[in-house]
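Bear in mind the structure is a predicted one, so any value in this text is a computation, not a measurement.
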Amino acid sequence: MRIRPFDFKAATSLADALNQLDQAGSNARVLAGGTDLVLNMKKKNILPSMLISLHPIKNLEYVEEKNEMIHIGALAKHADLAIHPILEKYVSILCQAVGLIGSWQVRNIGTIGGNLCNASPAADAVPPLLALDAAVVIATLHGEKTVPINSFFCGPGQTVMKPNEILKEILIKKPLKPSAGCYLKLRRRKAVDISLAGVAFQAESDPSGQRIEQVKIALGGVAPTAIRVPDAENCLVGLSIDDAFQKIPMCADKAANAAKPIDDVRATADYKRTIVNVFVQRCAQHVLTTLKNYRGQS
Amino acid sequence: MNQLPIHLVVNKEDYHLFVKPNRVLLDVLREDLELTGTKEGCGLGKCGACTVLLNGRPVHACLTLALQVDGCEITTIEGIGGEKMHPLQEAFVDKGAIQCGFCTPGMINTAKALLDENANPSEEEIKQAIAGNLCRCTGYNKIVDAIHSCGCQSKKKKGGIK
């Protein structure tokens with residue numbers, strides 16, 4: 001399977017990449033891991049005139065704690081993020097999700113920045129980042145700008161980024177109170193398949209572990225972009241953990257109602273909606289049980 | 001479309017090559033270096049037949065542009081074992097984990113990376129690791145057995161040294 005000819009430039013730094021991208025015009029694309037871009041070039045879905053490769057840039061693969069924030073470089077690979085100690089400690093939901101992307105081969109070269117910029121409605125990294133209220137830092141020729149993840153995506157394959165901008169890093173606020181998260185994804189195969197539906201569920205209790213203070217639920221693959229479902233979240237906020245267990249079915253119904261899935265080659269809309277309901281219940285059970293156990297330990 | 005220079009270390013040997021941007025690592029390995037042990041199955045990153053080790057980690061050679069891995073270390077099936085077969089290769093033969101053999105180079109590379117990372121993986125960990133390597137002949141049980149037996153062997157060896 002041949003790829004149509006194109007020009008190739010290797011960027012030595014982010015600034016160099018931005019300059020080259022600006023000069024190259026709108027038919028140039030940025031290459032990170034390439035697991036999706038090269039595939040789409042093979043399939044002739046994307047026919048760029050030039051690729052600007054970020055592979056020589058080694059200082060964008062970091063995961064760092066700075067005060068109350070976690071910074072993830074856009075070129076960090078899924079396989080590294082899935083087992084990163086800082087992420088496992090604070091935001092294990094993200095580790096769970098990126099650990100389910102593609103196959104080991106894909107996770108070893110695919111990057112989180114690529115997963116976001118590709119803007120697939122079913123991207124696995126997105127629902128956890130929505131549920132964590134993350135933000136992304138976009139590098140432009142005139143400096144950097146920070147965009148909340150919930151306003152980053154415009155539709156399938158579309159983001160707010162202009163053709164001459166590059167995603168630099170992802171910012172996540174560290175949870176300060178007892179928190180737990182769960183990501184579940186439905187696939188037709190047990191591995192190496194994109195998700196039919198993904199549910200991310202992140203909750204925080206008060207420091208004593210009695211009351212649910214915050215719930216964030218995000219759904220992937222069941223709307224033009226991944227979405228938050230505030231009505232479902234509000235069912236559980238403010239309740240004691242034991243009361244919250246009772247409200248799980250109501251929360252799941254609201255989440256399923258808020259989903260806007262379509263019939264496609266992978267599954268029917270009805271099926272995806274049912275799955276959202278089931279997965280929200282399973283996630284909620286898991287997260288509430290984890291929070292309850294924290295209380296037991298403290 | 002100009003050819004651009006790259007330096008690859010393939011199976012511990014240095015290669016300085018000129019390649020066109022639209023060529024993937026798989027083509028360069030098979031056509032320029034004549035290392036035809038690496039197979040092209042689907043060419044779309046689904047089957048894992050083209051799996052090689054990039055700096056020790058399994059990746060799809062069919063979805064990786066050659067220019068993208070400039071300066072990297074690549075291991076293909078030809079670089080595994082030497083005069084004698086690698087214990088993994090022996091285990092695959094002993095356990096009957098090879099039938100047509102098309103998936104085997106990729107399968108062995110993935111398994112080697114797994115054992116390098118985790119000397120004694122559980123059955124579940126083996127299945128997770130090779131999830132991206134399809135085999136249409138064996139039904140996987142014998143492959144899992146072979147990798148598992150190799151893991152157990154390396155554990156025994158470590159025990160012996162102590």
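- Nearest heavy atom pair, residue A:Leu100 against residue A:Asp124, reads O-OD2, 4.1 Å.
- For chain A, the nearby parts of B:Cys62 are the backbone and the side chain; heavy atoms of each come within less than 4.5 Å.
- The closest side-chain donor-acceptor pair between B:Thr76 and B:Glu78 falls under 3.5 angstrom.
- In terms of heavy-atom pairs under 4.5 Å with chain A, the best-connected choice from B:Val59, B:Val69, B:Asp70 is B:Val59.
- Proximity to chain A (any heavy atom under 4.5 Å) is shown, for B:Leu26, by neither the backbone nor the side chain.
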Set out, in order, the CA-CA distance, both residues' side-chain angles and the distance that settles side chain to side chain donor-acceptor pair (under 3.5 Å) for B:Asn141 and B:Asp145, then state yes or no. CA-CA 6 Å; B:Asn141 282 338; B:Asp145 276 357; over 6 Å; no
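- For the 3.5 Å distance criterion, the side chains of B:Asn133 and B:Thr110 qualify, holding a donor opposite an acceptor.
- For the options B:Leu63, B:Ile130, B:Leu114, heavy-atom pairs under 4.5 Å to chain A are most numerous at B:Leu63.
- Residue with the most contacts toward chain B among A:Asp36, A:Leu51, A:Leu54, A:Val38: A:Val38 (heavy-atom pairs, distance under 4.5 Å).
- The two atoms that bring A:Leu87 and A:Cys95 nearest to each other are CB-SG, 3.5 Å, heavy atoms only.
- Using a 4.5 Å cut-off between heavy atoms, B:Cys42 contacts chain A through its backbone alone, with no side-chain atom that close.
- Residues A:Lys9 and A:Asp16 are not paired through a salt bridge, judged by the lack of any N-O separation under 4.0 Å between the basic side chain and the carboxylate.
- Contact annotation for A:Ala79: both backbone and side-chain heavy atoms come within less than 4.5 Å of a heavy atom of chain B.
- In this structure, B:Glu73 does not pair ionically with B:Lys12, as no charged nitrogen and carboxylate oxygen lie closer than 4.0 Å.
- Looking at B:Asn55, there are no atoms closer than 4.5 Å to chain A (heavy atoms on both sides), in backbone or side chain.
- For B:Gln68 and A:Ser53, the side-chain atoms include no donor-acceptor pair closer than 3.5 Å.
- Using a 4.5 Å cut-off between non-hydrogen atoms, the part of residues 17-33 of chain A that approaches chain B consists of A:Leu31, A:Ala32, A:Gly33.
- Here B:Arg30 does not pair with B:Glu34 in a salt bridge; the nearest charged N to carboxylate O distance is not below 4.0 Å.
- Contact check on A:Arg107 versus A:Asp80 returns no salt bridge, with no Lys/Arg side-chain nitrogen under 4.0 Å from an Asp/Glu carboxylate oxygen.
- Contact annotation for B:Leu4: only side-chain heavy atoms (C-beta onward) come within less than 4.5 Å of a heavy atom of chain A.
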